[in-house]
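What's counted below: heavy atoms across the whole structure, side chains too, no hydrogens, waters or symmetry copies. Just so you know, residue 1 is the first one in the sequence shown, and it goes up from there.
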Amino acid sequence: MIDKVCDLDECSGCFACANACPVGAIQMLPEKVGHLFPVVTDKCIECNKCVKICPVNNPIELSKPTKTLAFWMKDDEEHHSSTSGGAAACFTNYMLENSGIVYGCASLPYGVIEHIRIDHKADAYKLKGSKYVHSHINETFKSIKKDLKEEKSVLFIGLPCQVAGLKNYIGKIDDNLYTIDLICHGVPSQQVLFEYIESLGIKREDVSVVAFREAKGYYLTIKSSGSSVYHKNECKDLYYMAFNDNLCFRDSCFTCRYSSPKRVGDLTIGDFWGLGKKEPFNHNPHGHVSVVFVNNVKGQLLVDACADKYEAVERSLEEAIDGNHNLSRPSIAPNAEKFHSVYGKVGIQSALKRCLWKRRIKAPFLPIVQCILSKI
């Protein structure tokens with residue numbers, strides 16, 4: 001039996017090893033601050049497939065974008081129901097309209113966040129919205145391989161580490177597989193989110209959906225039977241403060257090799273922060289704008305195929321990097337060790353408050369500062 005798949009400090013929890021194991025010997029179990037890590041059981045037959053497929057042990061080659069786009073959808077409803085310019089929705093809709101399959105992150109009942117399979121456009125809404133927590137892949141990679149064997153076109157949208165895990169798992173270039181990686185800040189564990197929800201006096205079994213962002217701003221919203229039972233913005237909600245303070249991320253988030261202009265997906269999408277700050281942007285998108293990196297020929301094929309669905313203006317890669325530090329370096333962890341040391345010893349709210357006192361003092365003034373900065 002092998003001892004471990006990879007160095008746990010570098011493990012991103014991509015689930016590639018668990019999907020690859022031919023005898024189901026790997027379980028993804030919670031360890032540090034509730035994050036999932038592969039645990040090898042005595043079923044192991046020492047085939048070493050998990051070790052070989054792991055993107056920590058066998059890194060995927062990254063590519064510098066060939067094109068950088070400021071991107072927004074033409075359809076006002078799709079645009080404004082998206083948390084940015086609607087890039088993910090645009091490519092999702094195209095794939096589903098052409099008999100393809102899309103895999104992406106969804107917010108499910110009980111507060112669960114995981115990747116799901118979508119094959120009808122009527123279900124595309126399930127993938128909308130930002131999820132500021134680690135999405136569990138479960139057996140998604142196995143399902144994708146099955147779809148590809150049946151010669152179906154597949155679009156996978158996920159974190160760069162998840163895209164890397166999928167590519168290693170598939171093992172060869174497949175013309176029918178398209179991948180989009182997201183510009184990632186870092187991921188808290190679902191365990192922390194669950195504990196926080198319950199600390200608010202909300203039973204998890206009553207939760208129908210958890211939302212982390214909306215068109216008018218950043219809010220943690222918890223719904224039960226379609227109605228909001230909790231709704232607070234980023235300056236007042238402890239979970240949101242913890243996310244912004246990088247408090248309960250995975251260790252691998254702080255050394256992330258994907259926090260770079262070089263990307264792993266065919267396309268990269270995110271918010272185009274800082275757009276127009278240095279070079280004028282003389283367009284009115286009537287809403288938020290996505291940044292889209294075209295990273296290779298397959299990415300360009302997707303962009304070209306959807307040309308009638310969006311507006312786009314080519315911008316410099318440097319502008320996108322200037323507006324998003326996770327394109328040049330990983331997030332830093334000023335208070336993560338402190339949170340790790342108190343987590344589990346006191347209630348989740350007490351643990352967060354002990355580590356967030358500086359941010360909580362600043363929080364009432366942040367909206368004023370952000371408003372001033374936006375006008376400079």
key: E61 CD: over 12 foreign heavy atoms closer than 6.0 Å   = no

task = Output yes when a side-chain donor or acceptor of N335 lies under 3.5 Å from a complementary backbone atom of K338, and no otherwise.
result = no

query = Which residue pairs satisfy the side-chain hydrogen bond (donor to acceptor under 3.5 Å, both in side chains) criterion with at least one member in residues 145-171, sequence neighbours excluded?
reply = Y103-D147, R117-D147, K146-E150, E150-K152

query = Have R315 and T68 got a donor and an acceptor in their side chains that come within less than 3.5 Å?
reply = no

Spatial distance of atom CD1 (I183) from atom CD1 (I269) [nearest 0.5 Å] = 8.5 Å

key: Other cluster members, V56 - Ile/Leu/Val/Met/Phe/Trp/Tyr, side-chain contacts below 4.5 Å   = none

request  = Would you verify whether the NZ or CZ of K131 falls within 45 degrees of the ring axis of F212 while also being under 6.0 Å from that six-membered ring's centre?
outcome  = no

key: Pair N295, D266: side-chain N/O donor-acceptor within cut-off below 3.5 Å   = no

message = Classify the ring geometry of H283 against F281: parallel below 30°, tilted from 30° to 60°, perpendicular beyond 60°.
response = tilted

message = What's the separation between atom SG in C248 and atom CD in Q191, rounded to the nearest 0.5 Å?
response = 11.0 Å

message = With a 4.0 Å cut-off on N to O distance, would you call K203 and D206 a salt bridge?
response = no

message = Quick one, H185 and C253 - any side-chain contact, counting heavy atoms below 4.5 Å?
response = no

inquiry  = A side-chain contact here means heavy atoms from C-beta on lying under 4.5 Å apart; do Y178 and M95 qualify?
reply    = yes

request  = Determine whether the side chains of Y230 and D237 contain a donor N or O and an acceptor N or O closer than 3.5 Å.
outcome  = yes

ask   = Looking only at atom types and distance, does a side-chain atom of S208 sit under 3.5 Å from a main-chain N or O of K223, one as donor and one as acceptor?
value = yes

inquiry  = Can you give me the closest heavy-atom contact between I197 and V210, atom names plus distance?
reply    = CD1-CG2, 4.0 Å

note = So OG1 of T83 and CG of D271: to nearest 0.5 Å the spacing works out to 6.5 Å

message = Any side-chain to backbone donor/acceptor pair from N58 onto K52? Under 3.5 Å, distance only.
response = yes

note = Residues pairing under salt bridge (charged side-chain N to carboxylate O under 4.0 Å, His left out) where one sits in residues 97-114, two or more places apart or in two chains, turn out to be E97-K121, E97-K309

inquiry  = Can you confirm if the aromatic rings of F272 and H288 lie within a centre distance of less than 6.0 Å?
reply    = no

query = Between the side chain of S290 and the main-chain N/O of G85, is any donor-acceptor distance below 3.5 Å?
reply = yes

ask   = Would you say the side chain of I118 lies within less than 4.5 Å of the side chain of K126, judging by non-hydrogen atoms?
value = yes

ask   = Going from OG on S328 to CD1 on I321, what distance comes out if it is rounded to the nearest 0.5 angstrom?
value = 7.0 Å

inquiry  = Strictly distance-based, threshold 3.5 Å: is any side-chain N or O of D245 a donor or acceptor partner for the main-chain N or O of M241?
reply    = no

task = For the residue pair F156 and F141, categorise the inter-ring angle as parallel (less than 30°), tilted (30 to 60°) or perpendicular (more than 60°).
result = perpendicular

key: Residues Y240, Y196; criterion ring-ring contact (aromatic ring centres under 6.0 Å, His included); working and verdict   = CA-CA 11 Å; Y240 230 123; Y196 183 67; over 10 Å; no

remark   = Closest heavy-atom pair, A351 versus V342, reported as atoms and distance to 0.1 Å, is CB-CG2, 3.8 Å

query = Does V346 offer a backbone N or O that forms a donor-acceptor pair with the side chain of S350 under 3.5 Å?
reply = no

query = Is the count of non-hydrogen atoms from other residues, nucleotides or ligands lying under 6.0 Å from K278 atom NZ greater than 12?
reply = no

Test item: side-chain donor near acceptor, N296 and Q300, under 3.5 Å = no

message = I need the R250 CZ to T255 OG1 distance, nearest 0.5 Å.
response = 11.0 Å

task = Establish, from distance only, whether the side-chain atoms of S189 and H134 form a donor-acceptor pair under 3.5 Å.
result = no

note = Across all chains, not counting sequence neighbours, the side-chain contact (heavy atoms from CB on, under 4.5 Å) partners of K64 are K262, L317

remark   = Sequence neighbours excluded, the answer for salt bridge (Lys or Arg N to Asp or Glu O under 4.0 Å) partners of K142 is E139

inquiry  = Under the rule for ring-ring contact (aromatic ring centres under 6.0 Å, His included), what residues qualify as partners of F339, not counting sequence neighbours?
reply    = Y343

ask   = Once you round to the nearest 0.5 Å, how far does NZ of K298 lie from CG of L267?
value = 10.5 Å

ask   = Does the side chain of T221 come under 3.5 Å of the side chain of H231 through a donor N or O and an acceptor N or O?
value = yes

